[in-house]
Amino acid sequence: MKEDGVISKTAAEDWQHIAELFKASSAMRPSQAWFNGVSTRLDFKRVEKMQSTKRAKALKAYLGGLSNQRIKTLRTYAAINQEQTLAAFRVTLLGNVSVPILLLTFANQITDGGITAIFKRLHENDPMFFYALLGGTMGAVAAIALIAIYALANLNQARDVRHLLDLTAAERGIYFGLEDMDDVNLS
């Protein structure tokens, strides 16, 4: 396909380039929100903040060389990507957070004296068992937290790509609307 006199990549190759710009690892860098628990996008300048990142600027420059038709195609890629990422996010949280909590709750209900009694009996013969158990628990909690953060970073990146593509399209007079966003937002 030719765009502006240049032989262009396929839409899949364009999408791969965009995906490389928005890797989850880059979204997992510590920020102020990690320490105060408040997202940096809570104020009224959300759109400006999203557009001011290095990744967003690189995407805008890349999209500038593409036709309107390709922007429409990439928006479809972004919508599907966001939907798939949301589904993966939900499965990840269910499997790594909800299921362990349910299993612990169930085990606590069916054992005589609860889980605490089991741990007390197990460590009576070996005091080091308590410290090993504590270390293992802390490791498991840390692993689950990292998995959840990674899943959230992926979801945030997918949402940003979609929104940035929508904004680029809107600037060109291509309007998609956000009516379908209710299906992919966390409630």
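Numbering of residues begins at 1 and proceeds along the displayed sequence. Keep in mind that this is a model prediction, so the values were computed, not measured. Both backbone and side-chain heavy atoms feed into the values below; hydrogens, waters and symmetry mates do not.
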**Q** Does a side-chain heavy-atom distance below 4.5 Å link Leu59 with Phe22?
**A**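 Sidechains of Phe22 and Leu59: in contact.
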**Q** Mind checking whether Lys23 and Gln157 have side chains closer than 4.5 Å, heavy atoms only?
**A**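 They are not in contact (no side-chain heavy atoms under 4.5 Å apart), so the answer is no.
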**Q** Do Val47 and Leu63 belong together in a cluster built from hydrophobic side chains that touch within less than 4.5 Å?
**A**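 Yes, it is one cluster - the side chains of Val47 and Leu63 are joined through contacts under 4.5 Å.
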**Q** Going by salt bridge (charged side-chain N to carboxylate O under 4.0 Å, His left out), name the residues that satisfy it together with Lys60, two or more places apart in sequence or in a different chain.
**A**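 For Lys60 the salt bridge (charged side-chain N to carboxylate O under 4.0 Å, His left out) partners, ignoring immediate neighbours, are Glu171.
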**Q** Who passes ring pair (Phe, Tyr, Trp, His ring centres under 6.0 Å) against Tyr131, sequence neighbours left out?
**A**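 If we apply the ring pair (Phe, Tyr, Trp, His ring centres under 6.0 Å) test to Tyr131, skipping adjacent residues, there are no hits.
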**Q** Tyr77 versus Leu165: any side-chain heavy-atom pair under 4.5 Å?
**A**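 Result no, sub-4.5 Å side-chain heavy-atom pair not found.
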**Q** Over all heavy atoms of both residues, which pair between Arg172 and Ile71 is shortest? Give the atoms and the distance, please.
**A**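 Looking at all heavy atoms of both residues, the closest pair is NH1-CG1, 3.5 Å.
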**Q** Looking only at atom types and distance, does a side-chain atom of Asn108 sit under 3.5 Å from a main-chain N or O of Ile115, one as donor and one as acceptor?
**A**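 Yes.
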**Q** From Ser52 OG over to Lys57 NZ, what is the distance, rounded to the nearest 0.5 angstrom?
**A**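 Rounded to the nearest 0.5 Å, the OG-NZ separation comes out at 6.0 Å.
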**Q** Is there a path of hydrophobic side-chain contacts, each under 4.5 Å between heavy atoms, that joins Leu103 and Ile110?
**A**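 Unlinked, Leu103 and Ile110 end up in two clusters.
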**Q** For Tyr150, does the OH atom have more than 12 heavy-atom neighbours from other residues, nucleotides or ligands under 6.0 Å away?
**A**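 No, not enclosed.
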**Q** Scan Ile147, Leu155, Leu152, Asn154 and name whichever one has a side chain to side chain contact (heavy atoms under 4.5 Å, CB included) with Thr92.
**A**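 The side chain to side chain contact (heavy atoms under 4.5 Å, CB included) with Thr92 is passed solely by Ile147 among Ile147, Leu155, Leu152, Asn154.
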**Q** Quick one: do the Asp166 and Tyr175 side chains pair a donor with an acceptor below 3.5 Å?
**A**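 Note: Asp166 and Tyr175 side chains miss the donor-acceptor criterion.
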